[in-house]
Protein chains: 2
Amino acid sequence: MVIPGEQALAERGLRLTPQRMMILEAIEARDDHFSAEEIYAQVRQRYSHMNLSTVYRTLEILEQAGLVTQTDLGDGRVRYHWTEKSRHHHLICQGCGQVIDLEECLLAPLKETLRRDYGFSANIAHVTIFGRCAKCHEV
Amino acid sequence: MVIPGEQALAERGLRLTPQRMMILEAIEARDDHFSAEEIYAQVRQRYSHMNLSTVYRTLEILEQAGLVTQTDLGDGRVRYHWTEKSRHHHLICQGCGQVIDLEECLLAPLKETLRRDYGFSANIAHVTIFGRCAKCHEV
DNA sequence: GTCTATCTGCAAATGACTTGCATTCACTAA
DNA sequence: TTAGTGAATGCAAGTCATTTGCAGATAGAC
Ligand SMILES: [Mn+2]
Ligand SMILES: [Mn+2]
Ligand SMILES: [Zn+2]
Ligand SMILES: [Zn+2]
């Protein structure tokens, strides 16, 4: 069983520990935006000795490798997303909580402007923008 | 002595306490991006009984009133800025730490797109975008 | 002046995340 | 195969900005 994440770890000279393999398996089974705590709980169902610190440390590595991206969905914890599953951004209404998904390309013009005018390579792979949706706008 | 902030408080039916007046005075004397702790320290030089919780609670109120805007400059605490002093955004290089200031209008096209295509009124008054500056790009 | 909901002060709590350190173990080179 | 070794894990404790519960104080209304 070859998991894409395992190859990425090997390429970077990182060790393929059972813990990392279990975390990778858990993450790749998900399509949503997970927190460290959620992955911890998920893996613990099959391996009750999983450690939360290890999850945090592994997620940090995966993020550096570009396998997952972070975003702040406004609930006070970092949420991750498996990069290859879909590239997108979010709008979140501070009135009703509605979450609108945006295509990746929506931020392309901004990214291009920053690169052209400032030589700045913006790290905006997975952004959440807060505001008010049409329904909640009048409030 | 009439401080603009005081009027805004009155208009919202909020009380004009000595603590709030001192915090307003401290904030309006600043042109930079201050944290709650910094305002606390500043006010305490003249009124040693100032309380940190009061500062946090006051800043929350001022933010709701639109008198200050928040941003995350990447140092693990919320930083505020007196709205009327200048409207801008930031680029921060994760390589060398350089901070580039952006004119407010740089995000206008994005804001307009979100409003037109999604009916979404984005709350992006004071944004910090992380990435790599031209010098640090090759790394 | 009186009244009362709002504010403040204080101390304790929160909670996501980090860290120090001893132990274990995945890789590598012989 | 087998040591050898630096990297990774487990655990418990720490961090620290921010929040909160509550009792007492007070701004503003009448
Ligand atoms: Mn997402
Ligand atoms: Mn700013
Ligand atoms: Zn809404
Ligand atoms: Zn740089």
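Quick caveat: nothing in here was measured; it's all calculated off a predicted structure. A note on names: the letters A, B, ... follow the listed sequences, proteins ahead of strands, and every chain is numbered from 1.
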*To the nearest Å, how far apart are A:R12 CZ and D:dA8 P?*
13 Å
*For B:D75 and for B:T17, find the nucleotide of DNA chain D with the closest heavy atom, then tell me which residue's nucleotide is more 5'.*
B:D75
_Tell me whether B:R116 at atom CZ has more than 12 heavy atoms from other residues, nucleotides or ligands lying less than 6.0 Å away._
yes
*Return the nearest nucleotide to the side chain of B:V78; candidates are C:dT8, D:dT18, C:dC7.*
D:dT18
*Which residue lies toward the 5' end of DNA chain D, B:R57 or B:S35, if each is placed at its nearest nucleotide?*
B:S35
*asked:* Counting neighbours of CD on B:Q70 that are heavy atoms of other residues, nucleotides or ligands and sit closer than 6.0 Å, is the number greater than 12?
replied: yes
*Any N or O donor-acceptor pair linking the side chain of A:S53 to the base of C:dT19 at under 3.5 Å?*
yes
*asked:* Just the rounded figure in Å: distance from P of C:dC17 to CZ of B:R77.
replied: 17 Å
*Integer-rounded Å distance: D:dG10 P and A:I23 CD1*: 9 Å
*Is a salt bridge present between B:R79 and B:E38, judged by a nitrogen-to-oxygen distance below 4.0 Å?*
yes
*With respect to the phosphate group of C:dG9, does any side-chain polar atom (N or O) of B:Y47 fall under 4.0 Å of OP1 or OP2?*
yes
*For A:H49 and C:dT23, give me the distance from atom NE2 to atom C1', rounded to whole Å.*
15 Å
*Pick base, sugar-phosphate or nothing for A:R20, based on heavy-atom distances below 4.0 Å to the nucleic acid.*
sugar-phosphate
*When you look at CD of B:E103, are more than 12 heavy atoms from neighbouring residues, nucleotides or ligands closer to it than 6.0 Å?*
no
*asked:* Looking only at side-chain N and O atoms, does B:Q64 offer a donor or acceptor that is under 3.5 Å from a partner on B:R12?
replied: no
*Using five pairs at either end of the helix from C:dG1-D:dC30 to C:dA30-D:dT1, determine the angle between the two local helix axes and round it to 10 degrees.*
40°
*Can you find a donor-acceptor pair, distance only, under 3.5 Å between A:R15 side chain and D:dA7 base?*
yes
*Give a yes/no answer on whether the side chain of B:Q19 brings an N or O atom under 4.0 Å of OP1 or OP2 in C:dG9.*
yes
*Rounded interatomic separation in angstrom, taking CG from B:L59 and C1' from C:dC7*: 15 Å
*asked:* Tell me whether the side-chain N/O atoms of B:Y56 come closer than 4.0 Å to OP1 or OP2 in D:dT19.
replied: no
_Touch class at under 4.0 angstrom, heavy-atom based, for A:L52 against every strand present_ = nothing
*Mind calculating the distance between CD (B:E60) and C1' (D:dA17) to the nearest angstrom?*
14 Å
*Once you round it to whole Å, what is the distance between P of D:dG6 and CG of A:L14?*
17 Å
_Could you measure the distance from the SG atom of A:C93 to the OH atom of B:Y118? Nearest 0.5 Å is fine._
15.5 Å
*Do you see a donor-acceptor pair shorter than 3.5 Å between the side chains of B:H126 and B:T71?*
no
*Assess the pair A:H33 and A:H88: is the distance between their ring centroids shorter than 6.0 Å?*
yes
*Rounded to whole angstroms, how far apart are CE on B:M50 and P on C:dC7?*
15 Å
